[in-house]
Amino acid sequence: MSGINPCITCGACCAYFRVSFYWAEADDGGGVVPSALTEQVTPLLRAMRGTNQKSPRCVALAGTPGGATRCTIYSQRPSPCREFACSGEGDQVNEACDRARARYGLPPLKCHPLVTEGAREPSTRVQLAVDKYRP
Ligand code: SF4
Ligand code: SF4
């Protein structure tokens with residue numbers, strides 16, 4: 001196993017999904033996510049700016065999806081970002097990760113050494129994170 005985090009040469013999920021979360025995760029609600037980088041989408045939900053549109057791209061993403069990328073608010077990112085696992089993490093496949101990667105021409109990570117053929121179902125934790133992205 002190389003030990004290199006595949007996310008640092010990807011960033012696809014940051015430019016594929018709407019990233020929404022409970023409004024109070026923002027810093028003007030007592031949380032840590034910079035509120036200036038968010039927009040209200042429902043009375044209870046905010047989204048990272050740039051992700052609530054037809055061609056999403058989070059304003060906090062630096063770099064080019066599919067290439068070298070970086071989250072500029074990594075320590076302050078919202079819960080969906082912290083909970084969204086790349087395929088292979090914890091011996092689980094995250095279908096949503098593979099789908100986002102495919103959008104940018106990247107292969108799925110199912111061949112990741114941590115993933116075995118017997119571990120194809122997304123974990124509850126991963127599924128929870130995927131659900132949070134849904135409108
Ligand atoms: S799509 Fe998967 S590999 Fe790419 S940045 Fe997101 S979690 Fe990481
Ligand atoms: S906050 Fe960071 S990790 Fe979350 S979508 Fe934006 S760039 Fe990606």
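Residue numbers start at 1 and run along the sequence shown. Just follow the structure's listing: the first ligand is 1, and inside any ligand the first atom is 1.
- In the model, Asn94 has no side-chain atom that pairs as donor or acceptor with a side-chain atom of Ser87 under 3.5 Å.
- Arg101 places no side-chain N or O within 3.5 Å of a backbone atom of Pro108 that could act as its donor or acceptor partner.
- With rounding to the nearest 0.5 angstrom, the OG atom of Ser75 is 10.0 Å from the CZ atom of Arg82.
- Here is the list of ligand 1 atoms found below 4.0 Å of a heavy atom in Gly11: 4 (Fe), 5 (S).
- With ligand atoms numbered from 1 in the order given, ligand 2 contributes 7 (S) to contacts under 4.0 Å with heavy atoms of Leu61.
- For atom 4 (Fe) of ligand 2, the N/O/S atoms of Cys58 include none lying under 2.8 Å.
- Regarding atom 2 (Fe) of ligand 1, its nearest protein heavy-atom neighbour is Cys97 SG, 2.4 Å.
- Neither the backbone nor the side chain of Tyr16 has a heavy atom within less than 4.0 Å of ligand 1.
- Heavy-atom proximity to Phe84, at under 4.0 Å, picks out these atoms of ligand 1: 7 (S).
- Listed by number with element, the atoms of ligand 1 under 4.0 Å from a non-hydrogen atom of Cys7 are 3 (S), 5 (S), 7 (S), 8 (Fe).
- Atom numbering of ligand 1 starts at 1 in the shown order; those under 4.0 Å from a heavy atom of Leu109 are 3 (S).
- In Asn94, neither the side chain nor the backbone holds a heavy atom less than 4.0 Å from any atom of ligand 1.
- Electrostatic pairing of Arg46 and Asp28 counts as a salt bridge here, judged by a charged N lying under 4.0 Å from a carboxylate O.
- Under a 4.0 Å criterion applied to the non-hydrogen atoms of Cys86, ligand 1 contributes the atoms 2 (Fe), 3 (S), 7 (S), 8 (Fe).
- The protein non-hydrogen atom at the shortest distance from atom 6 (Fe) of ligand 1 is Cys13 SG, 2.3 Å.
- Counting only heavy atoms from C-beta outward, the side chains of Gln76 and Val33 never approach each other to under 4.5 Å.
- Between the CG atom in Leu61 and the OG1 atom in Thr51 there is a gap of 11.5 Å [rounded to 0.5 Å].
- Remark: ligand 1 atoms within the under-4.0 Å shell around heavy atoms of Cys10 are 1 (S), 3 (S), 4 (Fe), 5 (S).
- Taking CE of Met48 as the reference point, atom SG of Cys81 lies at 7.0 Å (rounded to 0.5 Å).
- Between Tyr104 and Tyr16, the ring centre distance reaches or exceeds 6.0 Å.
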